[in-house]
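Here's the structure we're looking at; comments come further down.
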Amino acid sequence: MSSAVEQVIRTRRDAGSGALIGYLPVGFPSLEVSIDAACAIVENGVDILELGLPYSDPVMDGPVIQAATVRARENGFRLRDGFTAVREIQQRVDAPVLVMTYWNPVMQYGVGRFADDLLAAGGAGLITPDLIPDEGAEWLAESDRTGLDRVFLAAPSSTDERLRQAVASSRGFVYTVSTMGVTGTRNDIDDAAQKLVSRLRNVGAEYACVGLGISTGQHVSEILSYADGAIVGSALVRALADGGVSAVADVAASLAAGASV
Amino acid sequence: MSLRDEEGPYFGDFGGRFVPESLVAALDELSAAYTEARKDPAFASELTELHRTYTGRPSIITEVPRFAEHAGGARIILKREDLNHTGSHKINNVLGQALLTRRIGKTRVIAETGAGQHGVATATAAALFGLDCVVYMGEVDTERQALNVARMRLLGAEVIPVTAGSRTLKDAINEAMRDWVTNVEHTNYIFGTVAGPHPFPAMVRDFQKIIGEEARAQVLSLTGELPDVVAACVGGGSNAIGIFHAFLDDPSVALYGFEAAGEGIDTPRHSATIGMGRPGVLHGARSLMLQDEDGQTRDSHSISAGLDYPGVGPEHAWLADIHRATYRSVTDAEAMHALRLLSRTEGIIPAIESAHALAGALTLGRERGPESTILVSLSGRGDKDMETAAAYFDLLDGEIAP
């Protein structure tokens, strides 16, 4: 049986396009506004939400997301706010919500307890930027027990053997890192992304979504010509930082235009 | 099984690789190159020759009887890593990793630094080997260790002050990791301590274990016996593991690591990771760390920039767990007292980091009495700390900057 995330991606793919996946951090600029913003981007065409949990040492994040998550933590973000956000968003809009989190907060909360609480809140699963499947035995077991999705990353530098492992371990999709680097908007999407998606397909990936550096509807359209989904983070976070909920809604709508059939 | 044989990725429950997938290929490449290099006698002989003609190894040991009078009369012997070229033990590791960098054909190196000792050592090796060098240093540390910033720049390195997070060593490591993820094709990360993802804890340990191997033979030759106690300061833990390692399988030798208690472990301002931390993941490894209930890393504090780190190497977490080594903590005030005492009794100005081990030895000497021999890792010299010491002891005439 395919997961909710997989069903959304499949529906969008069958319609001749692919999924638009939007990232926003919980608690930026406040818990309430972050929930409003997440709902607004879904109402403006985002198919799947990726909610980030602010963390003190985010090694995969570039300056825009770092600045937002620092502010969220200064404003008193607590881990439990992540579950609150997922629950409220699920009540207001119809889109699967994946939580993006570095591993230590999950480990401290307790992997099983985290899985139970995320499931109870209506969350779809986890994206884990600093957990590789090699170290993920406990999460593999807990996600199997709860049926939550688990999204692992694939990088241009990954060997075919590691890509095979990422595909075999992931559920929902494989997060295809478009370029060697951290999050942040870029002018051009690296050719490496297309090559990596094709390598992932060769080792059996059913759902490969591309992230890092995607910031315009044009990028989204390019990515969806070969991938199953396009993941946008920094461009949305910057809009929210600069212009609030209405600005992030506008950016979501322009990104969604790139995902229109 | 010998405790000396542990090679990672795990030391007991600690270690591993909690890193973005993008870095795995680079870590695998480094592991493979290091495994090859270890088997290659040419690598070992080149490193040994560099240590002989450039670092100044073997470093001597110095017995310090006037200092020891304040330690219950115990014999105290210092392993003088402060006399190494660049002024600390950091060069031992850096030369090894620089040789490896050349072996894997990369032309640019990056490093993080806290006190600046590892940054200076890396900038030095980069100059020697003709490599491009970028050093990440927390903005707070660039201020309290301004002289080391000047040294690195004079050596041709680019120093980037890191303004994220707590603006200290932990954030410098994050920024170096981000650089590495982006530039891994031609860049090698010369990591400065025995923390981080595999293979760093084992590899850095191997490059530092020469401290204990030399010291063990030197103490035997001087006293005819092994020391009763080996003492070292612990931030990330590289000088400590370096001097401990040769003694791991000598059950009669007690091993003591001294963490920074800062303003006191009963305050939030300390760096006593093993004493006060919980297991968690930081900077690519599972180890002990200072963190809040939610798993957010807590800011650490120490008057010594080199010990101001909320994590610790996984091998230390393991040695603590199996009770092979004992970890205590030393306050800023105790360390500064020991720094001045060694300066005045023996004419040796230690780094503030190393002064934590000296302060620990003063207590251990009183506990164990005059029959005991204590070997202390004097991991670095105090030149870099003169501004801090001058302010602390009010040593300069007129106004000094706070």
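Quick note on labels: first sequence line is chain A, next is B, and so on, each numbered from 1.
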**OP:** Give a yes or no on whether a salt bridge exists between B:Arg17 and A:Asp134, defined as a side-chain N under 4.0 angstrom from a carboxylate O.
**Re:** no
Honestly, the part of A:Pro129 sitting under 4.5 Å from a heavy atom of chain B is backbone
Among A:Leu53, A:Val177, A:Leu79, A:Leu131, the residue with the most heavy-atom pairs under 4.5 Å to chain B is A:Leu79
When rounded to the nearest 0.5 Å, the distance separating CE of B:Met289 from OG of A:Ser56 is 6.0 Å
Separation between CG (B:Asp28) and CZ (A:Arg162), nearest 0.5 Å, reads 6.5 Å
Looking only at B:Ser22, B:Ala25, B:Gly165, the option with the highest number of non-hydrogen pairs under 4.5 Å against chain A is B:Ser22
So, the part of B:Pro279 with a heavy atom under 4.5 Å from chain A: the answer is backbone
When the 4.5 angstrom heavy-atom criterion is applied to B:Arg298 and chain A, the contacting part is neither
Between B:Ala164 and A:Gln66 the two heavy atoms that sit nearest each other are CB-OE1, 3.6 Å
Under 4.5 Å to a heavy atom of chain B? For A:Thr159 that would be neither
Per-residue tally against chain A (heavy atom, under 4.5 Å) across B:Arg278, B:Met177, B:Arg178 peaks at B:Arg178
Q: For the pair A:Arg78 and B:Glu293, find out whether any cationic side-chain nitrogen is under 4.0 Å from an anionic carboxylate oxygen.
A: yes
The reported gap from CG in A:Asp130 to CD in B:Glu21 (rounded to nearest 0.5 angstrom) is 12.5 Å
So CH2 of B:Trp180 and CE of A:Met180: to nearest 0.5 Å the spacing works out to 10.0 Å
The interface call for B:Gln291 against chain A, heavy-atom contacts under 4.5 Å, is side chain
dist A:Tyr55:OH -> B:Gln296:CD (nearest 0.5 Å) comes out at 7.5 Å
(Q) Is it the case that the side chain of A:Asn104 and the backbone of B:Gly295 share a donor-acceptor pair, with hydrogens and angles ignored and the cut-off at 3.5 Å? (A) yes
Rounding to 0.5 Å, atoms OH (A:Tyr109) and CG (B:Asp294) come to a distance of 9.0 Å
### CG (A:Asp144) with more than 12 external heavy atoms under 6.0 Å
yes
